[in-house]
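Here's the structure we're looking at; comments come further down.
Note on naming: letters A, B, ... go to the chains in the order of the sequence lines (proteins, then strands), and numbering restarts at 1 for each one.
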Protein chains: 2
Amino acid sequence: MSERKFNSTNTLNEFFLEERCTLNKVLKIIGKRWVSEVLVLIKQDVSRFSNLKECLDGISDNVLSSVLNELVKSKLIGKEIFNQVPLKVEYHITPSGLALTNVLHQLCDWGKEHIAYETRMKPTFARKDGKD
Amino acid sequence: MSERKFNSTNTLNEFFLEERCTLNKVLKIIGKRWVSEVLVLIKQDVSRFSNLKECLDGISDNVLSSVLNELVKSKLIGKEIFNQVPLKVEYHITPSGLALTNVLHQLCDWGKEHIAYETRMKPTFARKDGKD
DNA sequence: ACTCATACTCCTTTTTTTATTAGTAACTCA
DNA sequence: TGAGTTACTAATAAAAAAAGGAGTATGAGT
């Protein structure tokens, strides 16, 4: 993580919005790539780092790790460490996280109803891993 | 806007997520800074460019402009141009946009219940405009 | 002694997002 | 003629997010 510059307009604007409405704080948390997916997978009992990684084809270790840390910090998931070898760690959704997934579900339903299907530009070549 | 590189992992991952669930498309639209604020203001009948700018202290012309364009493109708001001088343009929420604000409202309620109040780091110096 | 596995962290580079600055048209009013 | 208005766009710079690649601890198995 690089340092934040606290006096940039960028940061001031972020503060302005978060102060203005909680909605902006919420969107700041869940608006980042992978976050909602990870949350939903954990809700569905995909509870280990390696399993999450399998499900989220293309995510890198470091990104998954930081997403998990953010979710723990926001108390949307809990982390349980088992002292055994090889190391085992499990993540579980919290009541707060569960409540959030319900709203996210509605957001998704809105999308299904209102976002027009459009022929999206597709990547020209296949993924490195051959899928897609 | 600079060109997208369609074969970067970055872009492939974005496609992966959007294909996986509509939720990611939705979050891609509303997860960006200012977007939800602008949508809500327009819902509250703040319908002109200059009025929106007044409300959103710190936003720059070009950013507001691109947020409005995105919202129009996503059909969350409509744009009406009056041919008079000085030029007048009005934005109005669409039924689809209205439905979205209802879900956003719930998201906000979730935040109010579940996001802990924390003493946020405050910018060291005041805004250029002297507010805050 | 060496390799393996899990679940990470750290540092660097790439890509995207957000902001800054300057400029436009078209017509009005002084 | 020249300044003022609204609602922009375009080019560029700064900041943040995302990805790439290497490295770590702990024992257990061979």
Sorted by position of nearest nucleotide on DNA chain C, 5' first, the leading residue of B:Gly31 and B:Gln84 is B:Gly31
Among the nucleotides D:dT26, C:dT20, C:dT17, whichever has the atom closest to the side chain of B:Lys32 is C:dT17
Nearest heavy-atom contact between B:Gly58 and A:Thr9 is O-CG2, 4.4 Å
Could you state whether B:Phe82 and B:Tyr91 fall into the same hydrophobic cluster, counting links through intermediate Ile, Leu, Val, Met, Phe, Trp or Tyr residues with side-chain heavy atoms under 4.5 angstrom apart?
no
Given the rule that I, L, V, M, F, W and Y join up when any side-chain heavy atoms are under 4.5 Å apart, are A:Val72 and A:Leu76 in one cluster? yes
To the nearest angstrom, the CG-P distance between B:Asn83 and D:dT5 comes to 21 Å
For B:His92, the side chain to side chain donor-acceptor pair (under 3.5 Å) test, sequence neighbours excluded, returns B:Glu90
For A:Arg20 and B:Leu41 the tightest heavy-atom approach is NH2-CD2, 3.5 Å
note: A:Lys53, atom NZ; C:dA5, atom P; distance rounded to Å ~ 13 Å
| request: Would you mind reporting whether B:Ile115 and A:Ile29 have side-chain heavy atoms less than 4.5 Å apart? | output: yes
Rounded to whole Å, CG of B:Leu17 lies from C1' of D:dA18 at a distance of 12 Å
Checklist entry - Counting only side-chain N and O atoms of B:Thr11, is one of them less than 4.0 Å from OP1 or OP2 of C:dT16? => result yes
*Any B:Arg33 side-chain N or O less than 4.0 Å from OP1/OP2 of D:dA16*: no
Set out, line by line, the N/O atom pairs under 3.5 Å between protein and nucleotides 6-9 of chain D.
unit_1: D:dT6; atom_1: O3'; unit_2: B:Arg48; atom_2: NH2; d: 3.2
unit_1: D:dT6; atom_1: O3'; unit_2: B:Leu87; atom_2: O; d: 3.0
unit_1: D:dA7; atom_1: OP1; unit_2: B:Arg48; atom_2: NE; d: 2.9
unit_1: D:dA7; atom_1: OP1; unit_2: B:Arg48; atom_2: NH2; d: 2.6
unit_1: D:dA7; atom_1: OP2; unit_2: B:Ser50; atom_2: N; d: 3.2
unit_1: D:dA7; atom_1: OP2; unit_2: B:Ser50; atom_2: OG; d: 2.9
unit_1: D:dC8; atom_1: OP1; unit_2: B:Lys79; atom_2: NZ; d: 2.9
unit_1: D:dC8; atom_1: OP2; unit_2: B:Tyr91; atom_2: OH; d: 2.5
unit_1: D:dC8; atom_1: N4; unit_2: B:Asp61; atom_2: OD2; d: 2.6
unit_1: D:dT9; atom_1: OP2; unit_2: B:Ser65; atom_2: OG; d: 2.4

Taken to the nearest whole Å, CG/B:Leu12 to C1'/C:dT15 is 13 Å
Side-chain atoms of A:Val85 come closest, of C:dT15, D:dA15, D:dA28, to D:dA28
Whole-Å distance, B:Phe15 CZ to C:dT15 C1', equals 14 Å
ask   = Across the strands shown, which category fits A:Lys28 at heavy-atom distances under 4.0 angstrom: base, sugar-phosphate, nothing?
value = sugar-phosphate
- Query: If two hydrophobic side chains count as joined below 4.5 Å and joins carry through other members, does A:Ile81 share a cluster with A:Ile77?
  - Reply: yes
Quiz item: Do B:Val40 and B:Ile93 sit in the same hydrophobic cluster, where Ile, Leu, Val, Met, Phe, Trp and Tyr count as joined when their side-chain heavy atoms come under 4.5 Å apart?
Solution: no
note: B:Phe16, atom CZ; D:dA18, atom P; distance rounded to Å ~ 15 Å
In whole angstroms, the gap separating P of D:dA18 from CG of A:Leu56 amounts to 14 Å
Axis-to-axis angle across the helix from C:dA1-D:dT30 to C:dA30-D:dT1, five pairs each end, nearest 10 degrees, ~ 30°
Is it the case that one hydrophobic cluster holds both A:Leu68 and A:Trp34, taking links as side-chain heavy atoms less than 4.5 Å apart, direct or via other members? yes
* Asked: Does B:Trp34 put a side-chain nitrogen or oxygen below 4.0 Å from OP1 or OP2 of C:dA19?
  -> yes
- Message: With a 4.0 Å limit, can you tell me whether B:Thr9 has a side-chain N or O closer than that to the phosphate oxygens OP1/OP2 of D:dG20?
- Response: yes
note: B:Ile81, atom CD1; C:dA25, atom P; distance rounded to Å ~ 17 Å
Output for pair (A:Ile59 CD1, A:Leu52 CG), nearest 0.5 Å, gives 8.5 Å
